[in-house]
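Every chain is numbered from 1, with letters handed out A, B, ... down the list of sequences. Owing to the predicted nature of the structure, the values given are computational and were not obtained by experimental measurement.
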Number of protein chains: 2
Amino acid sequence: MPVRVKTYLQERGINPSMQRVAVMHYLLNYFTHPTVDEIYSNLSKSMPTLSKTTVYNTLKVLVENGAALQLTIDEKNTRYDGNTHPHAHFICLGCGKVHDVEGVNLAAVDKTDHNGLQITETQVYYKGYCEECQKINH
Amino acid sequence: MPVRVKTYLQERGINPSMQRVAVMHYLLNYFTHPTVDEIYSNLSKSMPTLSKTTVYNTLKVLVENGAALQLTIDEKNTRYDGNTHPHAHFICLGCGKVHDVEGVNLAAVDKTDHNGLQITETQVYYKGYCEECQKINH
DNA sequence: TTTCAAAGTTGTAATCATTACATCTTTGTT
DNA sequence: AACAAAGATGTAATGATTACAACTTTGAAA
């Protein structure tokens with residue numbers, strides 16, 4: 001497993017330090033679209049010397065090199081996704097959880113340019129209430 | 001003009017105080033997808049007693065009552081849009097300006113539900129570089 | 001093997017958008 | 001005129017993110 005992640009980073013031109021491998025490994029194995037805090041809290045357990053600044057720095061490197069996506073769907077916290085294939089996201093306004101939304105025809109809205117704009121990224125976000133939160137509130 | 005905005009708010013069940021009319025008027029006349037700071041700075045000139053907290057409160061009321069859209073396209077600042085018709089947005093990673101993107105077939109990705117999710121809002125965001133910033137950098 | 005520089009990590013302090021909250025003002029009603 | 005509810009204001013707190021300086025690791029050259 002660690003070997004795979006190491007290779008994964010190297011293939012993207014990222015020096016695979018222990019911390020970077022740990023963060024990338026987290027993103028590739030947990031599909032919660034985690035915040036910096038979630039990643040930090042969980043990795044701290046096994047890496048007590050890990051610094052939150054390092055998690056910030058690492059995520060920046062991963063995003064800049066195309067190894068992770070940065071999601072701005074949540075007003076409160078930036079979220080990260082290790083799945084870099086184009087896909088839509090949903091956030092529940094009740095519990096705050098972020099899910100992937102499969103089966104969206106992203107090609108219909110995907111663009112690389114528009115009236116002279118050079119487009120490097122397309123995001124489709126849905127907001128609403130998940131099944132559990134529908135029961136609780138409305 | 002102020003009369004129109006007053007009516008606009010009342011039609012949406014919003015008590016049209018002077019401050020609310022001013023903020024709504026700004027959103028309906030400037031298409032910069034302004035931040036709280038932009039709105040506050042500009043309105044302060046003619047309303048010196050305006051408080052930034054009031055701008056926050058007002059925008060919350062407008063969004064809750066469907067008179068404005070809240071955009072999370074910009075990691076730095078929340079942005080607001082007085083155009084509540086569904087349309088896509090673009091942010092320039094160089095200068096930070098947000099533009100509307102016309103001609104996107106939003107119906108292709110618009111959903112009201114998906115696997116039990118109750119979807120209340122759909123956002124399509126593009127990121128990249130505008131014409132001016134393409135010249136300057138890349 | 002030592003030396004050294006570059007890259008990476010760490011912890012603390014600063015920044016800055018947003019929210020909480022208590023007080024004051026406005027508005028409309030009895 | 002008195003009062004209550006809604007709205008506005010200013011200040012203080014919160015909390016995510018960034019800046020920065022010091023420390024550590026890594027790997028190559030001598």
Whole Å only: how far is the [atom1] atom of [X] from the [atom2] atom of [N]?
{"X": "A:L59", "N": "D:dT18", "atom1": "CG", "atom2": "C1'", "result": "14 Å"}
{"X": "A:D37", "N": "D:dT14", "atom1": "CG", "atom2": "P", "result": "16 Å"}
{"X": "B:Q19", "N": "D:dA6", "atom1": "CD", "atom2": "C1'", "result": "12 Å"}
{"X": "B:M47", "N": "D:dA8", "atom1": "CE", "atom2": "C1'", "result": "9 Å"}
{"X": "A:N57", "N": "C:dG11", "atom1": "CG", "atom2": "P", "result": "13 Å"}
{"X": "B:Q70", "N": "C:dA17", "atom1": "CD", "atom2": "C1'", "result": "13 Å"}
{"X": "A:M18", "N": "D:dT24", "atom1": "CE", "atom2": "C1'", "result": "11 Å"}
{"X": "B:K52", "N": "C:dT19", "atom1": "NZ", "atom2": "P", "result": "13 Å"}

When you get a sec, tell me which of [options] is the closest nucleotide to the side chain of [X]?
{"X": "B:T54", "options": "C:dG8, D:dT9, D:dG7", "result": "D:dT9"}
{"X": "A:S51", "options": "C:dA17, D:dA16, C:dG11", "result": "C:dG11"}
{"X": "B:K76", "options": "D:dT9, D:dC20, D:dT17", "result": "D:dT17"}
{"X": "A:Y56", "options": "C:dT9, C:dT10, D:dA16", "result": "D:dA16"}
{"X": "A:R20", "options": "C:dT10, C:dG8, C:dA17", "result": "C:dG8"}

Pairing residues for A:K111 by the salt bridge (charged side-chain N to carboxylate O under 4.0 Å, His left out) criterion, not counting sequence neighbours: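 Testing A:K111 for salt bridge (charged side-chain N to carboxylate O under 4.0 Å, His left out), a comparison that skips the adjacent residues, returns none.
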
Using a cut-off of strictly less than 4.0 Å, decide whether [X] has a side-chain nitrogen or oxygen near OP1 or OP2 of [N].
{"X": "B:S17", "N": "C:dT27", "result": "no"}
{"X": "B:T49", "N": "D:dT9", "result": "yes"}
{"X": "B:T78", "N": "C:dT18", "result": "yes"}

B:E75 vs B:Y40, nearer the 5' end of DNA chain D by closest nucleotide: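 Result: B:Y40.
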
Quick one: on DNA chain D, does B:T53 or B:N15 contact a more 5' nucleotide (nearest heavy atom)?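 Between the two, 5'-proximity favours B:N15.
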
Just by distance, no angles: are the side chains of B:Q70 and B:Y80 close enough, under 3.5 Å, to form a donor-acceptor pair?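 Yes.
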
Between B:Y125 and A:E121: side-chain donor-acceptor atoms closer than 3.5 Å: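 No pair is found: no donor N or O on one side chain lies under 3.5 Å from an acceptor on the other.
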
Kindly indicate whether a cation-pi arrangement holds for A:R4 with A:Y8, taking the cut-offs as under 6.0 Å to the six-membered ring centre and within 45° of the axis.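 No - A:R4 does not lie over the ring of A:Y8 by the 6.0 Å and 45° rule.
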
Output field: ring centroids B:H89/B:H99 closer than 6.0 Å: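 No, the ring centres sit 6.0 Å or more apart.
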
